[in-house]
Amino acid sequence: MDQKTLRQVEKHCIQEEAPACRSACPLHVDARTFVLQVGKGRWNDAWKTLNKTLPFPGILGRICDHPCEDSCLRSTLGGGIRMGELERTCVNQPKPRIRVIPMPKKSERMAVVGEGLSSLVAALELLRKGYDVTLFSSQDKLGGSLWEVPDTTLPKDILEQELGILGTLGLKVENKKMGQGLLVPLLEEFSAVYLGLDSPNGARMAQGGKPSDKTFALGNDGVFGGGACDDHGRLSPVNQAFQGRAAALSMERFTQKVGLVEGRQDEGPYPTRLFTNIEDIEPLPEVLPGNGEKGYTIDEARAEAQRCIQCQCLECLKVCPYLDYFKGYPKRYAREIYNNAAIVMGNHAANLMVNTCSLCGLCQEICPENFPMADLCLDARRDLVERKKMPPSAHEFALQDMAFSNSESFMLARHAPDKETSRFAFFPGCQLSGSNPEHVIQTYSFLRNNWAEDTGLMLQCCAAPAHWSGNEAKTREAISLLEENWQKMGEPRMILACSSCLDMFRRYLPNIDVISLWQVMDQCELPVDAAKPVGTTMAIHDPCTSRHEPQLQDAARSLAVKLGICIEELEFSREKTECCGFGGLMENANPTLAEKQLERRTAESDLDYLAYCAMCRESLKGAGKRTAHLLDFIFPQGSVGPDPAARVKTGLSDSRENRARLKRDLLDQVWNQAAEAGTESMLHISPEVQAKLDQRRILHSDIRETIAHAEETGRKMESRESGHFLASHRPFMVTFWVEYSLAENGYHIYNSYCHRMQIMGGNA
Amino acid sequence: MITNLGIEENKEWKCLSCDALLKLDKVRIDYMNGSFTVELPCCPECGMVLVPEEIALGKMLEVEKLLEDK
Ligand code: SF4
Ligand code: SF4
Ligand code: SF4
Ligand SMILES: [Zn+2]
């Protein structure tokens with residue numbers, strides 16, 4: 001990802017945009033922070049927040065005409081936050097000491113004509129920038145109409161005190177009546193001139209000229225102006241201040257001979273892009289000052305401030321435990337991922353973040369701007385793989401599992417028995433085959449009997465693990481293998497049992513005609529001996545890879561209804577469905593987060609869940625949720641049992657052994673090619689130890705290899721207490737340790753663990 | 001460089017072929033581009049090394065993760 005792409009991606013997350021109050025304020029006071037501080041009674045901090053953006057906070061804080069209040073998101077929920085009153089209450093509190101760092105003095109001289117508020121702000125801004133400023137006034141004191149504000153609103157001593165800063169900063173004042181004729185001499189003497197239209201001198205010199213929007217230029221020669229009444233003949237203090245400030249910036253730019261207009265779109269009031277969900281916000285009535293004129297008491301102000309919604313987006317964090325976990329939001333994550341990729345040496349702190357996303361796409365669905373978090377993570381993974389920086393432990397197991405599925409142990413491509421061609425081919429995928437091989441056999445014969453006699457069978461992996469891991473080379477390899485076998489089969493229409501396979505075909509093999517198993521079954525008569533759990537209500541769980549496959553989702557529901565199941569929709573279903581924690585190899589790279597994801601999903605309903613993806617069923621079941629698979633009802637015979645939702649999760653070793661057995665059984669039962677029975681030694685493993693093995697991703701084949709190696713070489717240890725043996729073996733990138741003893745027809749396994757570091761030998 | 005994994009002398013396991021008790025000794029372990037010397041129980045005769053479970057799943061795993069993110 002380059003800088004430019006980063007900027008483009010970042011733009012999709014509007015979390016950092018200003019809340020409505022701030023964007024409606026011509027001066028962009030950080031009202032959200034201010035109100036938060038007031039709500040907490042942190043008056044000094046609130047003062048400092050005002051002081052950051054408000055010129056003469058003691059004045060404007062008392063007389064601002066608060067256009068922000070109309071834009072406040074509270075407006076329709078009890079009334080906009082009363083910013084004007086809150087600011088007044090704040091500036092009535094003692095002013096904290098605020099350090100000001102003076103700018104280095106500049107030699108250019110600036111002229112400000114007029115003593116009205118806009119001129120005073122322009123002068124203040126220019127002084128703060130370090131210019132030498134002279135103000136021309138025809139009145140005997142600065143402030144103009146400010147002196148007419150009633151004392152109850154703006155006490156005279158405060159006004160005087162606030163204006164005192166101009167003198168402190170070195171403002172020169174010339175008492176002089178100005179007219180049009182004096183403009184040319186002014187321009188000769190000064191670098192730029194400001195005409196305050198809210199003063200007699202300024203108005204006279206401007207002669208009815210209207211300053212342009214944004215830059216407040218009056219012509220092209222360095223004359224600027226502002227502070228005029230609005231179209232209704234009213235003076236708005238906050239706009240006077242804003243125009244004085246904007247003109248001062250233009251004067252600086254003019255003097256520095258840089259463009260006047262560039263990058264000023266967001267100056268002054270503008271509609272914000274920030275999205276804030278107010279659906280669940282309860283209306284709260286405004287707090288009114290108990291004693292009218294005098295304004296809020298401190299407690300009233302705090303109560304009013306606490307009505308603030310603290311507007312922000314974070315919609316995606318509400319639905320994704322992963323996004324929530326890393327303590328930021330997508331815009332920040334994009335930057336972290338970008339920086340992560342830029343590091344050559346040092347700690348790649350964002351690796352785990354990049355690898356944890358389940359690539360489920362829910363956030364993008366929820367996001368008002370469709371931020372593409374999944375694409376971002378996938379791209380980052382591809383980049384890590386390419387630069388050989390991908391942590392091997394993240395996806396290695398899944399990639400090896402894929403290699404197993406694409407080996408002779410599982411892979412198969414056959415026409416139906418006695419058929420020379422295939423119009424269709426059933427593609428069950430790895431997960432269903434590993435989870436319930438009987439269902440694959442039953443489904444395959446169902447399809448031949450009820451859908452099309454010339455339905456062939458293809459067993460192999462769809463390359464999803466490689467795709468998810470960001471390994472493009474391995475993805476291409478597995479995809480070619482798939483395409484090759486499909487061509488050998490005569491390019492049949494593929495019947496897919498798994499929506500992840502469907503997603504892979506759509507992405508990488510769009511020319512292959514595919515249909516989901518559920519759509520096919522929905523067009524057939526269901527088997528007469530299907531279980532009909534009539535009246536059972538279940539909550540249907542859509543796999544995340546079916547998000548944009550409404551027809552598939554409809555077919556699954558239609559089948560469930562035909563089986564007599566009452567379907568309840570989860571709050572997050574169909575295009576808003578949630579991942580089971582397996583997608584994107586989340587569970588491989590970050591089991592803890594996958595658990596959190598499942599916790600959220602399983603808590604959404606007390607009903608049993610109905611899954612139609614084998615992996616979803618396994619994951620949900622693994623998290624302790626009673627979950628059945630659609631096929632459990634269609635083919636209830638065999639090992640499913642009378643309560644399919646209770647069937648235990650299939651372990652990793654079992655999944656592999658199931659796949660290998662499936663191929664043998666199919667060849668035997670469907671094609672009459674009985675394989676020679678293997679003579680594998682028995683492993684006796686207690687359920688507790690087996691759970692440990694699954695959690696550590698240690699397979700029976702790893703254990704067998706390790707024992708075989710130990711028995712062959714005699715290199716093993718013996719416990720002086722139990723007499724158990726302990727042996728290790730490193731077939732590839734991982735060293736396995738197995739604690740075992742001999743049994744009559746095999747071995748007892750007591751423990752097994754593994755590590756990736758390699759022992760290079762003793763006496764180093 | 002980590003030398004002390006906090007392992008105590010191991011009295012449970014003996015090397016079967018040498019019939020010898022294991023003794024703590026310095027061992028080099030490698031991963032990715034990192035190399036460390038640590039003390040682990042070894043057979044004093046043939047040098048066979050024991051990595052106890054708590055080390056494999058504790059300290060070693062931590063170091064593996066660190067090296068993977070380098
Ligand atoms: S939903 Fe998330 S990604 Fe989208 S704008 Fe909001 S915070 Fe940003
Ligand atoms: S609710 Fe609070 S943050 Fe939102 S617009 Fe109103 S004042 Fe600003
Ligand atoms: S896990 Fe899903 S919802 Fe969460 S960030 Fe990744 S794609 Fe978005
Ligand atoms: Zn030995």
Side-chain angles (χ1 to χ4, degrees), chain A residues 340 343-355 384 388-394 396 589-590 692 695-696 698 710-711 713-728 730 733-739 750-764, chain B:
Chain A
N340 199 60
I343 302 174
V344 183
M345 297 292 279
N347 195 18
H348 290 74
N351 280 357
L352 185 65
M353 177 167 85
V354 162
N355 285 328
L384 280 174
K388 304 206 174 2
K389 291 278 179 193
M390 176 59 89
S393 66
E396 209 172 69
N590 193 339
K692 223 193 263 183
Q695 191 235 328
R696 295 174 182 174
I698 298 171
E711 294 297 316
T713 59
R715 283 179 73 79
K716 52 183 175 175
M717 299 175 206
E718 188 185 37
S719 167
R720 297 163 68 213
E721 288 156 27
S722 61
H724 295 170
F725 298 130
L726 182 63
S728 71
R730 189 178 179 87
M733 288 274 285
V734 177
T735 303
F736 296 98
W737 291 81
V738 179
E739 182 184 338
Y750 305 101
N751 193 13
S752 177
Y753 53 93
C754 56
H755 54 79
R756 296 179 159 266
M757 292 198 100
Q758 186 172 10
I759 310 288
M760 304 309 286
N763 307 318
Chain B
M1 178 102 167
I2 39 162
T3 38
N4 193 345
L5 293 175
I7 305 184
E8 297 183 5
E9 203 78 38
N10 189 295
K11 299 252 185 308
E12 181 181 355
W13 299 99
K14 63 171 192 188
C15 174
L16 197 65
S17 42
C18 307
D19 195 25
L21 274 182
L22 304 184
K23 287 227 152 30
L24 281 187
D25 202 350
K26 292 205 164 57
V27 176
R28 205 182 108 204
I29 54 176
D30 283 11
Y31 187 52
M32 311 277 292
N33 295 318
S35 178
F36 303 89
T37 304
V38 297
E39 287 206 317
L40 285 171
C42 305
C43 171
E45 307 286 325
C46 70
M48 182 159 55
V49 181
L50 168 70
V51 179
E53 182 178 19
E54 59 284 5
I55 298 298
L57 304 182
K59 267 268 155 29
M60 239 184 188
L61 185 68
E62 267 171 45
V63 177
E64 285 169 12
K65 296 256 176 246
L66 280 175
L67 290 174
E68 286 194 335
D69 285 340
K70 275 274 172 270

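Values below: every heavy atom of this structure, side chains too, minus hydrogens, waters and symmetry copies. Proteins get letters first, then strands, A, B, ... in listed order; numbering begins at 1 in each.
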Would you tell me whether [X] and [Y] have side-chain atoms, one donor and one acceptor, within less than 3.5 Å of each other?
{"X": "A/Asn340", "Y": "A/Asn351", "value": "yes"}
{"X": "B/Ser17", "Y": "A/Arg715", "value": "no"}
{"X": "B/Tyr31", "Y": "B/Glu68", "value": "yes"}

| said: Heavy-atom pairs under 4.5 Å with chain B - which of A/Met390, A/Met733, A/Arg696 has more of them than the others? | reply: A/Arg696
| task | Could you check which of A/Glu718, A/His724, A/Gln758 has the highest count of heavy-atom pairs closer than 4.5 Å to chain B? | result | A/Glu718
| note | Interatomic distance, CZ@A/Arg730 vs CH2@A/Trp737, rounded to 0.5 Å, equals 11.5 Å
| query | Can you tell me how far CG of B/Leu16 sits from CE of A/Met717, rounded to the nearest 0.5 angstrom? | reply | 10.5 Å
| Looking at B/Lys65, B/Met48, B/Glu53, which has the largest count of heavy-atom pairs under 4.5 Å with chain A? | B/Glu53
| remark: Of the listed B/Leu61, B/Leu57, B/Leu50, B/Leu67, the one with the largest count of heavy-atom pairs under 4.5 Å with chain A is B/Leu50
| said: Looking at B/Arg28 and B/Asp30, is there a salt bridge between them, counting it only when a charged N and a carboxylate O are closer than 4.0 Å? | reply: yes
| field | Which portion of B/Pro52 sits near chain A, non-hydrogen atoms under 4.5 angstrom | value | backbone
| With a 4.5 angstrom heavy-atom cut-off, which part of A/Asn751 approaches chain B: side chain, backbone, both or neither? | side chain
| remark: The interface call for A/Ser393 against chain B, heavy-atom contacts under 4.5 Å, is both
